[in-house]
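Notes for the one structure printed next.
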Amino acid sequence: MKKTGILVGVMTVLLVIVLAVVLWPKSSQKSSSDGKLSIVASTNVYAEVAETVAGDKANVSAIITKQSVSPEDYDPTNDVAKKVSKADIALGNGLGYDAWLNKLTKSSKKTKLLLASDMLNKDSKANPHLWNDPENMITVAQKLADELSKKDPDNKNYYQNNAAAYKQKLQPVTDKVNELKAKVAGKKVFETESIYEYMLKDLGATIVGDDFAESIAEDSDPSANATKEVREALNNRQVDFVVQNTQTTGGDVDKMVKLAKEQNIPIVKVTETSPDNTSYVDWKLSELNQIEKIVS
């Protein structure tokens with residue numbers, strides 16, 4: 001009888017352990033120490049989207065937070081690699097703009113890579129400066145909300161509502177674009193580098209000197225024909241205003257900016273990366289307001 005009692009006791013303990021393991025509450029794919037999802041964004045622009053959509057349900061951080069750091073030339077450290085490998089989601093731009101993020105996520109078995117270019121169904125030849133179309137950012141917010149809803153279904157309504165709130169947050173930018181369309185439509189614009197293409201197309205502008213701008217964006221010298229085309233357009237005042245990326249200077253760019261000033265052609269100053277401690281809305285409005293002054 002004693003042996004039977006001991007055996008029954010042992011079996012009871014084992015059953016309790018098995019049931020405890022089976023019934024232990026799952027964390028709905030949340031892996032950080034505080035039980036929240038972890039999202040790492042390649043830049044502060046995408047981190048702002050993630051922070052708005054995820055709210056207090058995720059820990060969000062940006063790898064690049066300084067305007068002086070170029071995502072295209074960035075070389076991640078070991079600490080950054082570890083951070084990405086531990087994240088639930090890595091949010092980036094794609095189209096080669098932050099290619100290092102692709103490489104870092106490949107070495108992780110748990111990190112899901114989400115790229116704006118995939119969310120927007122852009123092909124490999126598309127202009128990588130996707131954030132200069134506010135509608136693109138709204139789509140990214142919605143796609144991120146859908147992904148978070150899958151990972152954390154208990155908070156689906158929370159994420160979906162936050163995505164809708166992000167759309168409202170960008171309303172001042174989309175309103176300004178719609179307001180300026182009638183005034184900018186058909187205006188001929190030369191951009192020193194092809195970073196503002198999406199916004200200019202939203203506004204209905206006619207872009208001149210594409211080949212020159214593309215060469216600068218690719219860090220190559222514009223061809224003689226491309227340079228001649230822009231020079232003649234500026235000299236003949238066939239350009240209504242110039243969009244200058246102030247983060248790219250020297251050589252051919254400086255010559256074209258100087259020529260535009262000599263011809264009294266207005267210049268809109270933009271930046272490729274977000275100014276430090278500046279929201280997306282304030283950043284885009286500061287650029288659009290310059291255009292408004294020119295066309296009003």
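Here the structure is a predicted model, which means the values were calculated and not measured.
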Any chance the side chains of Q142 and Q160 put a donor and an acceptor closer than 3.5 Å?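 Per modelled atom types, Q142 and Q160 side chains form a pair under 3.5 Å.
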
Between the side chains of N127 and Y198, is a donor N or O closer than 3.5 angstrom to an acceptor N or O?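 No, no side-chain donor-acceptor pair sits under 3.5 Å.
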
Within the side chain of [X], is there an N or O that forms a donor-acceptor pair under 3.5 Å with the backbone of [Y]?
| X | Y | result |
| --- | --- | --- |
| S108 | T105 | no |
| N236 | E232 | yes |
| K57 | L37 | no |

Solution key, residues 163-172 side-chain donor-acceptor pairs under 3.5 Å, sequence neighbours excluded:
{"residue": "K169", "atom": "NZ", "partner": "E48", "partner atom": "OE2", "Å": "3.3"}
{"residue": "K169", "atom": "NZ", "partner": "T52", "partner atom": "OG1", "Å": "3.4"}
{"residue": "Q171", "atom": "NE2", "partner": "D175", "partner atom": "OD1", "Å": "2.8"}

Flag yes if more than 12 heavy atoms outside N277 fall under 6.0 Å of its CG atom; otherwise flag no.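 No.
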
Gap between atom NZ of K82 and atom CG of L104 - 0.5 Å precision: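 With rounding to 0.5 Å, CG (L104) is 13.0 Å from NZ (K82).
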
Just grab all the salt bridge (charged side-chain N to carboxylate O under 4.0 Å, His left out) pairs involving residues 278-296, residues at least two apart or on different chains.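 Sorted pair list: K176-E292, K284-E287.
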
Pairs touching residues 210-222 that satisfy salt bridge (charged side-chain N to carboxylate O under 4.0 Å, His left out), sequence neighbours left out: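 Checked against salt bridge (charged side-chain N to carboxylate O under 4.0 Å, His left out) - neighbours excluded - no pair reaches residues 210-222.
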
Shared hydrophobic cluster for W131 and M199 (ILVMFWY, side-chain gaps under 4.5 Å):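 Hydrophobic grouping puts W131 with M199.
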
Among all residues two or more places apart in sequence or in another chain, which pass the ring pair (Phe, Tyr, Trp, His ring centres under 6.0 Å) test with Y196?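 Applying ring pair (Phe, Tyr, Trp, His ring centres under 6.0 Å) to Y196 gives none.
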
Test of understanding: with ring pair (Phe, Tyr, Trp, His ring centres under 6.0 Å), list the residues that count as partners of Y74, not counting sequence neighbours.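 Y74 satisfies ring pair (Phe, Tyr, Trp, His ring centres under 6.0 Å) with W100 only.
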
Looking at K112 and D88, does any basic side-chain N land under 4.0 Å from a carboxylate oxygen?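 Between D88 and K112 there is no salt bridge, as every charged N stays at least 4.0 Å from the carboxylate O atoms.
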
Results of salt bridge (charged side-chain N to carboxylate O under 4.0 Å, His left out) for K201 - residues two or more places apart only: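 Only E197 meet the salt bridge (charged side-chain N to carboxylate O under 4.0 Å, His left out) criterion with K201.
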
